[in-house]
There are 2 protein chains.
Amino acid sequence: MFEVLFQKLDEKIKLTEEERQLCKSFFTPKKLRKRQYILQEGDVCKYIAFVEKGMLRSYTIDDKDSEHIIQFAFEGWWISDHFSFLTGEPAVYTIDALEDSELLLLSRQAEEQLLQKIPKFEKYFRILLQNSLIATQRRLIGSLSQTAEERYNDLITGCPTIPQRVPQHMMASFLGITPETLSRIRRQVASTR
Amino acid sequence: MFEVLFQKLDEKIKLTEEERQLCKSFFTPKKLRKRQYILQEGDVCKYIAFVEKGMLRSYTIDDKDSEHIIQFAFEGWWISDHFSFLTGEPAVYTIDALEDSELLLLSRQAEEQLLQKIPKFEKYFRILLQNSLIATQRRLIGSLSQTAEERYNDLITGCPTIPQRVPQHMMASFLGITPETLSRIRRQVASTR
DNA sequence: TCACTCTCTTGACATACATCAATACTTTCC
DNA sequence: GGAAAGTATTGATGTATGTCAAGAGAGTGA
């Protein structure tokens, strides 16, 4: 159950066997069925979640009832509503599973203790945050300066397996375009090679 | 020279008088003339900068030579190319002053020592990062789901003094639209009230 | 003081993308 | 196994925003 987590941790910080065992005790395993929520807009986000298996997404719903996907989270990724988790304010994002999934949950209290017992995690979480910020800034610049087709190509290049796992209309939502437009872009791209 | 910094720090973490004095020793004051760079794309970002006075911006230049402003930094804000600062890779952003400015610079080494001597700063920097991430995500959603007019209104509401300090074409760049479009939006907004 | 650059505005036209509507195909589930 | 829901495609049309071009003030520097 902890294979993917430890593999990911190994890339950034080195843990002793003892620390690993200790570390395990702070996480709560949880299985999710496809379409099941772990967070709904308006609730307080009690956990940050590490994806051991499966796949989730976070999204908002605007006043015109359309969804905007903030993030997909595959195996090895973290997902949560940071702001709600940190402040205890109601969440603005909804998070649900796109496939049957296995998660490792970390509560606020568990996080605090983890940081206290194994301070290396300070560094680990800082790196995570920084990477999220950098990725989000990139996406922002893209959405301000690129065409839908360019953004689609970048997405596919960065994550070639995504079309096999995510319905097309959700990729459209992630890219900030309509499903119709994405369909036309794909036809266009396919015919040009 | 440290008034604004300490004021801002007070909002998040409490420092003793002793810690304040120690803290001061890690920062390097620097004055900048309007239009002067503190970072150019391709150079390594050696410092994170706190703005005591004045105003800066960070931006990228795309292949079609147009600028995209990532951030404005007024008094009390931080600015840098996090990724470059952290990794030592060449910066993707350029940072320059929009007004004569006074900065407090923190080098990588100074930051490390600061964190070591006054660990409260771990928390402070984590909060900063989280706030940046949240703000960037908001902007991303806006750019994917709102019209230029809505984004402009949100910008003005969130920062009503900005039109007095930033040339209109830079606000346009920040919003991801052309100066012509912003001009038309402003005419439109002005006539409807 | 005059030239020069910077900044903003306005118009005519072009284009990327959204919207609405119809159809077909696939998956889910009682 | 059949109804229902979800998913993708395609066409016709609308609209927000970009592009190009011209001109007018305001600020800046020799």
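Labels below follow one simple rule: chain letters A, B, ... track the order of the sequence lines, proteins then strands, and each chain is numbered from 1.
Under 3.5 Å, the side chain of B:Arg184 and the base of D:dT19 form at least one donor-acceptor pair of N or O atoms. For C:dC8, its base never sits under 3.5 Å from the side chain of B:Glu180 at any donor and acceptor pair.
Look at CD on B:Gln146: it is 17 Å from C1' on C:dC17, rounded to the nearest Å. Rounded to an integer number of Å, the gap from B:Ile177 CD1 to C:dC17 C1' is 17 Å. Straight-line distance from the CE atom of B:Met171 to the P atom of C:dT7: 13 Å, rounded to whole Å. Rounded to an integer number of Å, the gap from CD of B:Gln188 to C1' of D:dT17 is 14 Å. The interatomic distance linking A:Leu98 (CG) with D:dG6 (C1') rounds to 14 Å, in whole Å. Atom-to-atom, CZ of A:Arg35 to C1' of D:dA5 comes out at 9 Å; the value is rounded to the nearest Å. Nucleotide C:dA18 holds its C1' atom 14 Å from the CG atom of A:Asp62, rounded to whole Å. Rounding to whole angstrom units, CG of residue B:Leu175 and P of D:dG18 are separated by 10 Å.
Side-chain nitrogen and oxygen atoms of B:Gln168 include at least one within less than 4.0 Å of the OP1 or OP2 phosphate oxygen of C:dT9. Considering only side-chain N and O atoms, A:Ser183 lies nowhere under 4.0 angstrom from the phosphate OP1 or OP2 of D:dA8. Between D:dA16 and B:Thr147, no contact under 4.0 Å exists linking OP1 or OP2 to a side-chain N or O. Listed pair B:Arg187 / C:dG11 meets the phosphate criterion, a side-chain N or O lying under 4.0 Å from OP1 or OP2. Contact check, A:His169 against D:dG6: no side-chain N or O comes under 4.0 Å of OP1 or OP2.
Using the six-membered ring where Trp is involved, B:Phe72 and B:Phe74 have ring planes that are tilted, between 30° and 60° apart.
Across the interface with DNA chain C, nearest-nucleotide mapping of B:Met170 and A:Thr178 shows B:Met170 to be the residue nearer the 5′ end.
Taking the centre and axis of the six-membered ring of A:Phe6, the NZ or CZ atom of A:Arg20 falls inside the cone set by 45° and 6.0 Å.
How far CG of B:Leu133 is from OG of A:Ser132: 5.5 Å, rounded to the nearest 0.5 Å.
Looking at every heavy atom in both residues, A:Val92 comes nearest to A:Glu41 through O-CG, 3.7 Å.
Donor-acceptor pairing under 3.5 Å is lacking for the side chains of A:Glu3 and A:Gln7.
Side-chain proximity of B:Arg186 to the nucleotides C:dT9, D:dT19, D:dT7 is greatest for C:dT9.
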